[in-house]
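Below, read A as the first sequence line, B as the second, and so on, with proteins coming before strands; counting in each chain starts at 1.
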Amino acid sequence: MNTVVLPLPLCGWLQQESRLGSPQEVCGLVLGQRQESVVRVHRVLAAENIAERPETGYLIDPEFYLQVEHQAADEGRSVVGVYHSHPMGKPVPSDTDLELAWPDWSYVIVGADGTLRSWRLVEKRFVEEAIRLE
Amino acid sequence: MSEVIVRLPPPLRAFADGKAELRLPGATVGQVLSCLSDLHPGVGQRLFGPDNELRPYINIFHGERHIARLEGLATPVRPGDVVSIIPAVAGG
C-alpha cells in the first residue's frame, strides 16, 4: 500500500479549511515529493473552486495550476496530488472523482466529519493509500 | 522547423518515459503535440480523442496563455517557446 506522509499541522489546516468552506467543496493542490510508494507532502495550496455547482463538485483554474507547477519546480518539488472536501459525505471518491481522476496523483478527500483519506487511480479504479501523520 | 519545449504534468510523465520536459519540432502548437503523440502514443491517447480533437479535460498553454485565447492548435510557435500541458483538475 502506498503511504502519504502528511505533516500534522497540514492535516489540521485541511480539516479547518473544509469546515469553513462548507457547504461548498474546497479544493487545492498538494505539493511534495514522491519516492516509490511514499508521497511526502510539503505544502498544500488552496485553490478557488470555480465549478458551476461548488456544493457538489470542484474545478481548479488551469492558470492557477500552471503558476503552482512553476512554483513547485523552482522549489525542487512537484504537484503530487489534489485535495478536496465532501462537506456532506464520506471521504471516499464519487463517480465524478473517478471519471475525472488522473494516474500517479494522490487524491486526499476530507469528509463531513473531518476524516481524511487518500486515494490513487490504478487501472481505472481508486485504491486507498495510508496516511501517516508526522 | 522550430524546436519547442513541451512540459508534461506529473500524471502524463509515466507515458513519456518519466520525462517532465521534451524538445520537439513544429511550427504550430498542433504540430508539436502531434509530434509528441507520435513519439509517445500513451500521451497522445490522453490528449486527443478519436476525432483527433483535444480532449475537454486537457488545457494547453503557450507560455502563460491558454491556446483557447490564441489560435488554438494553429497557434504559431518559435524556437525556445514553452508549451505546457495542464490537466483539468476536477471532481465531485
Side-chain angles (χ1 to χ4, degrees), chain A residues 25 27-34 39 45 47 49-70 72-73 77-86 88-89 92-109 119-121 126, chain B residues 4-23 29 32-33 36 40-50 53-70 72-73 75 77 80-92:
Chain A
E25 294 193 12
C27 56
L29 299 172
V30 179
L31 273 58
Q33 290 173 314
R34 179 183 303 283
V39 175
L45 287 173
N49 182 356
I50 63 169
E52 279 186 24
R53 294 184 181 84
E55 294 81 9
T56 55
Y58 74 95
L59 174 63
I60 294 178
D61 186 339
E63 289 189 15
F64 174 79
Y65 178 92
L66 185 65
Q67 290 168 8
V68 171
E69 196 169 77
H70 287 172
R77 295 167 186 159
S78 64
V79 177
V80 293
V82 180
Y83 77 82
H84 74 284
S85 64
H86 284 174
M88 301 298 170
V92 296
S94 64
D95 290 344
T96 309
D97 289 328
L98 181 62
E99 183 187 346
L100 301 176
W102 294 90
D104 279 342
W105 266 350
S106 294
Y107 285 85
V108 177
I109 306 177
W119 308 84
R120 176 193 297 260
L121 188 68
F126 272 114
Chain B
V4 172
I5 299 164
V6 179
R7 292 190 176 145
L8 298 179
L12 292 184
R13 293 175 192 168
F15 305 103
D17 303 325
K19 292 174 186 161
E21 193 173 288
L22 298 95
R23 289 174 185 272
V29 169
V32 172
L33 295 182
L36 173 64
H40 300 289
V43 177
Q45 286 169 18
R46 284 154 184 84
L47 294 184
F48 296 103
E53 293 289 315
L54 269 179
R55 292 188 185 275
Y57 293 105
I58 289 288
N59 301 285
I60 306 293
F61 281 74
H62 177 222
E64 303 296 319
R65 299 185 69 188
H66 200 298
I67 63 165
R69 295 183 191 148
L70 300 169
L73 292 173
T75 301
V77 288
D81 283 359
V82 176
V83 171
S84 301
I85 300 169
I86 304 298
V89 183

- Message: To the closest 0.5 Å, what do you measure between CD1 (I86(B)) and CG (L66(A))?
- Response: 4.5 Å
- Query: So which part of I58(B) gets closer than 4.5 Å to some heavy atom of chain A, the side chain, the backbone, both or neither?
  - Reply: side chain
- Task: Check whether any side-chain heavy atom of T75(B) sits under 4.5 Å from a side-chain heavy atom of I60(B), and report yes or no.
- Result: no
- Taking atom CD1 of I50(A) and atom CG of L59(A), what is their separation to the nearest 0.5 Å? 4.0 Å
- Note on the structure: In terms of heavy-atom pairs under 4.5 Å with chain B, the winner among A101(A), G57(A), P62(A) is P62(A)
- State, to 0.1 Å, how close V43(B) and A16(B) come at their nearest heavy-atom pair, and which atoms those are. CG2-CB, 4.0 Å
- Checking side-chain contact (heavy atoms from CB on, under 4.5 Å) for the pair L36(B)/L8(B): CA distance, chi angles, key distance, verdict? CA-CA 10 Å; L36(B) 173 64; L8(B) 298 179; 4.1 Å; yes
- Give, for atom CG of L33(B) and atom CG of L47(B), the distance between the pair rounded to the nearest 0.5 Å. 6.0 Å
At a 3.5 Å cut-off, give me the donor-acceptor pairs between chain B and chain A, one pair per line with the distance.
from, atom 1, to, atom 2, distance (Å)
R69(B), NH1, E63(A), OE2, 2.5
R69(B), NH2, E63(A), OE2, 3.2
A88(B), O, W102(A), NE1, 3.0
V89(B), O, I60(A), N, 2.9
A90(B), O, Y58(A), OH, 3.4
G91(B), N, Y58(A), O, 3.0
G91(B), O, Y58(A), N, 2.9
G92(B), N, D97(A), OD1, 2.8
G92(B), O, H84(A), NE2, 3.1
G92(B), O, H86(A), NE2, 2.8

- Query: Under the side-chain contact (heavy atoms from CB on, under 4.5 Å) test, which residues partner P103(A), sequence neighbours left out?
  - Reply: L121(A), P11(B), F15(B)
